[in-house]
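Every chain is numbered from 1, with letters handed out A, B, ... down the list of sequences.
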Protein chains: 2
Amino acid sequence: MNESDEGAGHAARSKRADARRNEKTLLDAAAAVFVTSGVEAPVRAIAAKAGVGMGTIYRHFPTRADLIIAVYRHQVEACAEAGPALLATSATPHAALGQWINLFVDFLVTKHGLAAVLQSDNAGFDTLHAYFLDRLVPVCTQLLDAAAGSGEIRSDVEAYELMRGVGNLCIGADSDPRYDPRRLVELLIAGLRRPH
Amino acid sequence: MNESDEGAGHAARSKRADARRNEKTLLDAAAAVFVTSGVEAPVRAIAAKAGVGMGTIYRHFPTRADLIIAVYRHQVEACAEAGPALLATSATPHAALGQWINLFVDFLVTKHGLAAVLQSDNAGFDTLHAYFLDRLVPVCTQLLDAAAGSGEIRSDVEAYELMRGVGNLCIGADSDPRYDPRRLVELLIAGLRRPH
DNA sequence: GAGCAAACGGAACGTTGCTCCGTTAACGAT
DNA sequence: ATCGTTAACGGAGCAACGTTCCGTTTGCTC
């Protein structure tokens with residue numbers, strides 16, 4: 001990451017003022033539209049909300065995945081950073097794991113359609129997929145290893161499949177009041193516990 | 001339950017020969033296209049495969065859900081009927097439940113994209129949703145009740161949420177060799193076991 | 001065979017994702 | 001302050017798809 005200075009290199013020419021302004025405007029507009037219409041809202045709707053042309057969206061965020069990542073980056077980072085913190089402050093590693101998974105679930109279920117798009121095999125979304133995996137799987141691995149090391153859970157479950165499973169369970173949580181993913185995730189985590 | 005007769009009146013005139021022929025042709029074509037391109041394949045592709053116009057598809061199957069139901073009805077019925085049979089022949093109700101869930105998972109993962117569409121909140125798919133629920137939830141309830149009655153599992157889990165959870169876990173199973181829904185479903189079922 | 005309703009086919013329309021290019025205006029140089 | 005460069009903009013245009021609509025064909029009955 002050297003092409004555009006973000007803080008470190010000082011005097012390098014920054015982007016034009018209107019470009020920087022539009023990027024912020026777009027992020028705000030996208031966040032708002034995502035809340036009301038979900039993360040698969042039409043590009044035109046986001047452009048209209050921001051008061052810019054569609055070319056501007058695609059210039060700043062070439063794929064929808066880039067836009068989604070930009071909108072939720074802060075929250076994903078926060079979730080990732082909460083992992084080690086929980087491990088340090090919780091009574092047992094298994095408790096930390098449970099709480100961390102809850103954070104993740106809370107994040108997903110409050111983002112209309114994000115869970116669904118997260119597992120989409122659509123090629124346009126693989127950078128989104130990759131971002132979530134890169135950022136969260138290591139954290140989950142750490143928690144899982146700690147819990148396995150303390151003998152609380154079986155050790156034959158990988159972080160990747162657990163995360164995918166949890167993500168999948170969160171799909172469609174909105175739009176169906178009869179379905180509460182939290183209960184099922186809880187069941188899944190309970191199933192992790194070592195028999196005996 | 002053969003074809004739809006108008007009930008009260010005298011024997012309803014059966015459909016025209018070409019209509020009946022086209023319906024069969026369409027079912028075969030749809031089944032073939034579903035295998036290669038998934039259940040969300042373009043309508044035009046199915047029409048082309050069948051050698052008919054698009055109007056013919058929509059006349060026979062007004063929504064995509066109707067077509068999907070028609071294609072998979074036999075297998076869904078077989079799965080539903082396997083429930084009581086398993087309960088009768090298995091060692092324990094919990095074993096029967098596990099085997100039945102396995103049947104369901106096998107069915108779902110072999111149908112490209114069916115699991116994804118099953119939970120879609122898209123209004124066009126709610127009859128599909130309803131069909132699966134009407135047909136399978138009672139069976140699952142029976143198995144669940146039996147296992148709960150024998151004290152093997154906790155009794156605070158409803159068939160509906162379990163089925164939705166299992167269905168969700170099956171989403172995206174194809175197109176990702178690293179993800180094996182069977183393992184996670186197994187974990188979920190394990191989590192059902194009563195803590196003792 | 002004639003008449004008619006059922007069934008057909010595909011053109012046409014609306015919605016979306018994405019690209020492409022003529023136009024605008026920001027910014028450093030003068 | 002003005003000027004020229006070019007980054008950045010906007011939206012028309014195209015392709016793919018779902019869905020409808022209606023003129024045409026065809027099976028069935030008499």
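To the nearest angstrom, P of D/dC17 lies 12 Å from CD1 of B/I46. If you measure from atom CG of A/N122 to atom P of D/dA16, you get 16 Å, rounded to the nearest angstrom. Atom-to-atom, CZ of B/F61 to P of D/dG18 comes out at 16 Å; the value is rounded to the nearest Å. When the P atom of C/dT24 is taken as reference, atom CZ of A/R16 falls 14 Å away, rounded to whole Å. Rounding to whole angstrom units, CG of residue B/D18 and C1' of C/dA6 are separated by 8 Å. Going from atom CZ of A/R21 over to atom P of D/dG10 covers 10 Å, rounded to whole Å.
The stretch residues 88-113 of chain A participates, sequence neighbours left out, in these salt bridge (charged side-chain N to carboxylate O under 4.0 Å, His left out) pairs: A/D106-A/R182. Pairs of residues two or more places apart, or lying in two chains, never qualify as ring pair (Phe, Tyr, Trp, His ring centres under 6.0 Å) while including a residue from residues 109-152 of chain A.
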- Task: Take nucleotides 9-20 of chain C nucleotide by nucleotide from the 5' end and write B, S or -, depending on whether a protein heavy atom sits under 4.0 Å from the base, only from the sugar-phosphate, or from neither.
- Result: BBBB---BBBB-
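Phosphate proximity of D/dC9 to A/H60: present, with a side-chain N or O under 4.0 Å from OP1 or OP2.
Between A/R135 and A/E77 there is a salt bridge, with a side-chain nitrogen of the basic residue lying less than 4.0 Å from a carboxylate oxygen of the acidic one.
For A/F107, the ring-ring contact (aromatic ring centres under 6.0 Å, His included) test picks out A/Y72, with sequence neighbours left out. For the side chain to side chain contact (heavy atoms under 4.5 Å, CB included) test, residues two or more places apart in sequence or in another chain that qualify with B/S155 are B/A148, B/R194. Residues meeting the salt bridge (Lys or Arg N to Asp or Glu O under 4.0 Å) test with B/R44, sequence neighbours left out: none. B/T56 is linked by a side-chain hydrogen bond (donor to acceptor under 3.5 Å, both in side chains) to nothing, counting only residues two or more places apart in sequence or in another chain.
Grouped with A/I171 in one hydrophobic cluster are B/I171, the linkage being side-chain heavy-atom contacts under 4.5 Å among Ile, Leu, Val, Met, Phe, Trp and Tyr residues.
In the helix from C/dG1-D/dC30 to C/dT30-D/dA1, the terminal helix axes, each the rotation mapping four pairs' C1' atoms onto the next four within five end pairs, subtend 10°, rounded to 10°.
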